[in-house]
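Computation of the quantities below employed the complete heavy-atom set of this structure, encompassing side-chain atoms and omitting hydrogens, waters and symmetry-equivalent molecules.
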Amino acid sequence: MPSSPIKKLSKVITFTPTIGTGAYSANQIVGGITKLADFFESLSGVTELMNISVSDNANQKIVGTFFFFKKKPAGTYTDGAAFSPSQADLNLIGAIVTLPAANYVSGASNAVGDIGNIRKKIQAATQTNQIPNVTDSKSGYVVFVTGGTPTYGNASALQISIGVEQDI
């Protein structure tokens, strides 16, 4: 019997975090924690990160790290706070992706950073196939932490897009 190919659902989740307009220090959270609704939408509860892009209207070319959580962590992750997760929250991190300075391309007064071919899989903390209509159980969460000292003059200077694939 011939086998059929695995089908994937592809989507891009885009958001504009509200960020501080003053200077950040290294290891500070940029924009707080963001809920990624329906991040774990497949029957298996596994989502694969494909790519991430950051549109930077302030041309700060922020070097930073994305921390993806399998479910909402218990800690408080607010804009400008130091990233210091508890042991329980560390155990909820399903993937880490770093955006280096070399991945940015500048325009006249802005920049775009891109990370492609990530191919990291994250397993939901809850069995998603048993609760098809409860979207919060299918949500992932992400925190972006700066590795530098950017300064933004606009609270909406960043837009982040995360491309994912999920088994159907």
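Considering every non-hydrogen atom in both Lys11 and Ala37, the closest pair reads NZ-O, 4.5 Å. Between Phe69 and Asp89 the shortest heavy-atom distance is CE2-O, 3.5 Å. Across all their heavy atoms, Thr16 and Ser156 have their closest contact at CG2-CB, 3.8 Å. For the pair Ile93 and Lys70, the tightest heavy-atom approach, listed with the atom from each and the gap, is O-CE, 4.1 Å. In plain terms, the two heavy atoms of Val164 and Leu49 that are nearest each other are CG1-CD2, 4.0 Å.
Ile33 is connected to Val145 through a chain of hydrophobic side-chain contacts under 4.5 Å among Ile, Leu, Val, Met, Phe, Trp and Tyr, so both are in one cluster. The cluster map of Ile, Leu, Val, Met, Phe, Trp and Tyr, joined by side-chain heavy atoms under 4.5 Å apart, puts Phe68 and Leu99 in the same cluster. Under the 4.5 Å side-chain heavy-atom criterion for Ile, Leu, Val, Met, Phe, Trp and Tyr, Leu158 and Ile29 are members of distinct hydrophobic clusters.
Judged by distance alone, with hydrogens and angles left aside, the side-chain atoms of Asp56 form a donor-acceptor pair with the main-chain N or O of Lys61 at under 3.5 Å. In terms of modelled atom types and a separation under 3.5 Å, the side chain of Glu48 and the main chain of Ile118 share no donor-acceptor contact. Looking at Gln123, its side chain does come within 3.5 Å of a backbone N or O of Ser44 through a donor-acceptor pair. Glu165 places no side-chain N or O within donor-acceptor distance of the main-chain N or O of Ser10, the cut-off being under 3.5 Å. Remark: the backbone N or O of Ile96 is paired with a side-chain donor or acceptor of Lys120 at under 3.5 angstrom. The main-chain N or O of Asn110 is never found under 3.5 Å from a side-chain atom of Asn57 such that the two would form a donor-acceptor pair. At distances below 3.5 Å, not a single donor-acceptor pair connects side-chain atoms of Ser139 with backbone N or O atoms of Lys35. In terms of modelled atom types and a separation under 3.5 Å, the side chain of Tyr104 and the main chain of Val54 share no donor-acceptor contact.
Under the 30°/60° scheme for interplanar angles, the aromatic rings of Phe83 and Tyr77 are found to be tilted.
Asp79 and Thr18 are not linked by any side-chain donor-acceptor pair at a separation below 3.5 angstrom, with hydrogens and angles left out of the test.
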Residues Val112, Val105; criterion side chain to side chain contact (heavy atoms under 4.5 Å, CB included); working and verdict: CA-CA 5 Å; Val112 175; Val105 176; 5.6 Å; no
Side chain to side chain contact (heavy atoms under 4.5 Å, CB included) assessment of Phe39 paired with Val142: CA-CA 11 Å; Phe39 188 73; Val142 66; over 6 Å; no
Side chain to side chain contact (heavy atoms under 4.5 Å, CB included) between Phe144 and Thr34, intermediate numbers included: CA-CA 9 Å; Phe144 188 39; Thr34 300; over 6 Å; no
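Taking 4.5 Å as the limit, some side-chain heavy atom of Ser106 sits within range of a side-chain heavy atom of Asn59.
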